[in-house]
Amino acid sequence: MKQRFILLACLLAVLASCGNRQLTEDGMGAYLFVFFSDPTHSIFMATSHDGYTFTAVNDGRPVIGGDTIAEQRGVRDPHIARGGDGAFYLCMTDLHIFGREEGLRDTQWERDGDAYGWGNNRGLVLMKSKDLIHWTRSNVRIDKAFPDKFGNIGCAWAPESIYDPQEGKMMIYFTMRIGNGKSQLYYAYTDDSFTRLVTEPKLLFEYPDPDIQVLDADITPLPDGRYCMMYVAQENPGGIKMAFADSIHGPYRYQEGQVDFEPAACEAPNVWKRIGEDKWVLMYDIFSINPHNFGFAETTDFVHFTNLGHFNEGTMRLTNVRSPKHG
């Protein structure tokens with residue numbers, strides 16, 4: 001166990017040092033893939049030097065236990081980003097969907113499912129690290145932070161963060177719904193230590209059809225100064241769509257069509273750039289297949305996308321883990 005921990009620490013320390021040049025690609029030589037699994041409700045990490053083959057650290061076991069950091073003793077939907085200060089920002093949903101089965105509560109959800117819907121959590125977990133080994137952690141309850149407007153939220157899911165160079169702050173954006181209403185996308189800013197929200201959540205995007213739920217946003221800065229937001233629209237089937245804006249928090253302009261290559265539903269889009277290339281990879285979770293897998297598409301212009309297939313069914317490989325979720 002000690003040897004494995006030392007190896008994990010060395011791998012992550014090398015990865016942490018690869019980008020300490022204020023978010024430029026000079027010296028970067030590795031990719032970090034962070035995900036969770038339903039059986040553990042914990043955080044896993046995998047690394048890659050070529051951006052095609054990923055190997056999970058810690059022998060494919062969790063790196064951060066959800067039972068040690070979350071109010072519900074489980075986490076989902078992790079997202080990791082690099083901030084303007086070079087630090088790593090990790091945020092995730094505070095939710096255990098098998099809490100009753102694990103003996104953590106007496107009911108299926110914390111609150112009545114008819115009144116508040118599936119999951120009905122109210123919290124997010126925020127963590128920050130300079131080296132991917134030592135972390136600070138904060139548990140944020142949206143209902144307690146903003147009781148007047150959001151005291152009756154039905155859920156707070158799938159948070160992501162991005163550095164806003166104009167504000168000089170990390171912007172966090174996430175899915176939220178009021179009561180058991182339709183889910184929508186919101187954003188807020190955090191303090192520098194990534195421990196709390198310092199602005200009240202505001203709507204990030206409004207879908208043209210108010211009856212369609214939207215969730216799982218992912219924002220990418222583009223070379224021309226615009227921002228692309230990938231998100232999920234729960235149409236039939238639910239899939240990955242794009243919207244564009246001149247500002248990091250919108251207004252985002254709706255665009256027709258889906259950009260995934262799946263015949264059935266998928267979620268959790270995440271876009272990352274290939275080091276040293278003008279290529280971006282769209283990754284998404286295909287929850288409609290068993291076992292779960294990820295799909296990949298590649299683009300150079302955010303107009304045309306090439307299908308890269310699934311993990312271990314195309315050019316993308318994951319060597320020592322099965323059924324990763326929402327990475």
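Owing to the predicted nature of the structure, the values given are computational and were not obtained by experimental measurement.
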Exam field: side chain [X] to backbone [Y], donor-acceptor pair closer than 3.5 Å:
| X | Y | value |
| --- | --- | --- |
| E25 | G276 | yes |
| R177 | Y116 | yes |
| N139 | I69 | yes |
| N120 | R111 | yes |
| D148 | G151 | no |
| S37 | P324 | no |
| T47 | L32 | no |
| D191 | V198 | no |
| D114 | G117 | no |
| S129 | F88 | no |

Would L203 and Q184 satisfy side chain to side chain contact (heavy atoms under 4.5 Å, CB included), going step by step from the backbone distance to the final call?
-> CA-CA 7 Å; L203 271 178; Q184 293 180 287; 3.9 Å; yes
Heavy-atom closest pair (D218 atom, P269 atom, distance to 0.1 Å) is CB-O, 3.3 Å
Picking from T93, D38, N121, what satisfies side-chain hydrogen bond (donor to acceptor under 3.5 Å, both in side chains) with R76?
-> D38
Check whether [X] and [Y] end up in the same hydrophobic cluster, where Ile, Leu, Val, Met, Phe, Trp and Tyr are linked by side-chain heavy atoms less than 4.5 Å apart.
| X | Y | answer |
| --- | --- | --- |
| F35 | Y52 | yes |
| V232 | L185 | no |
| I142 | W157 | no |
| V271 | F305 | yes |
| L204 | I178 | no |

Does T55 have any side-chain hydrogen bond (donor to acceptor under 3.5 Å, both in side chains) partners at least two apart in sequence or in another chain, and if so, which?
-> T319
Only pairs at least two apart or in different chains count here, so list each ring pair (Phe, Tyr, Trp, His ring centres under 6.0 Å) that has a residue in residues 253-279.
-> Y31-W272, Y207-Y254
Polar side chain donor-acceptor pair, [X] to [Y], under 3.5 angstrom:
| X | Y | answer |
| --- | --- | --- |
| E110 | Q72 | yes |
| D77 | H326 | yes |
| Y189 | D164 | yes |

Please work out which of the three classes, parallel, tilted or perpendicular, describes the rings of H249 and Y187, given edges at 30° and 60°.
-> parallel
What is the ring orientation for H41 with F98, classed by angle as parallel under 30°, tilted 30 to 60°, or perpendicular over 60°?
-> perpendicular
Assess whether side chain to side chain contact (heavy atoms under 4.5 Å, CB included) is satisfied between F150 and M176, documenting all intermediate values.
-> CA-CA 10 Å; F150 298 109; M176 188 162 61; 3.4 Å; yes
Among residues at least two apart in sequence or on other chains, which ones pass side chain to side chain contact (heavy atoms under 4.5 Å, CB included) with [X]?
| X | value |
| --- | --- |
| D246 | R226, R253 |
| R317 | T53, N312 |
| Q108 | R100 |

Interatomic spacing from [atom1] in [X] to [atom2] in [Y] - rounded to 0.5 Å:
| X | Y | atom1 | atom2 | answer |
| --- | --- | --- | --- | --- |
| I43 | I64 | CD1 | CD1 | 6.5 Å |
| L95 | F36 | CG | CZ | 8.5 Å |
| Q213 | E235 | CD | CD | 12.0 Å |
| N293 | F287 | CG | CZ | 14.0 Å |
| D67 | T40 | CG | OG1 | 9.5 Å |
| K279 | T300 | NZ | OG1 | 8.5 Å |

Taking 4.0 angstrom as the limit, do R274 and D50 come out as a salt bridge?
-> no
If you take the centroid of each ring, where Trp contributes its six-membered ring, are [Y] and [X] closer together than 6.0 Å?
| X | Y | answer |
| --- | --- | --- |
| Y252 | F205 | no |
| F311 | F296 | yes |
| W280 | F302 | yes |

Does the pair K128 and D192 meet the rule for a salt bridge (Lys or Arg N to Asp or Glu O under 4.0 Å), with working shown?
-> CA-CA 10 Å; K128 181 178 179 179; D192 291 341; over 6 Å; no
Working for side chain to side chain contact (heavy atoms under 4.5 Å, CB included), residues L124 and I172 | CA-CA 11 Å; L124 307 174; I172 188 169; 4.3 Å; yes
R141: salt bridge (Lys or Arg N to Asp or Glu O under 4.0 Å) partners, not counting sequence neighbours | E71, D143
Out of N270, V63, I80, which one pairs with V34 under the side-chain contact (heavy atoms from CB on, under 4.5 Å) rule?
-> I80
Is the CD atom of E206 crowded by more than 12 outside heavy atoms at less than 6.0 Å?
-> no
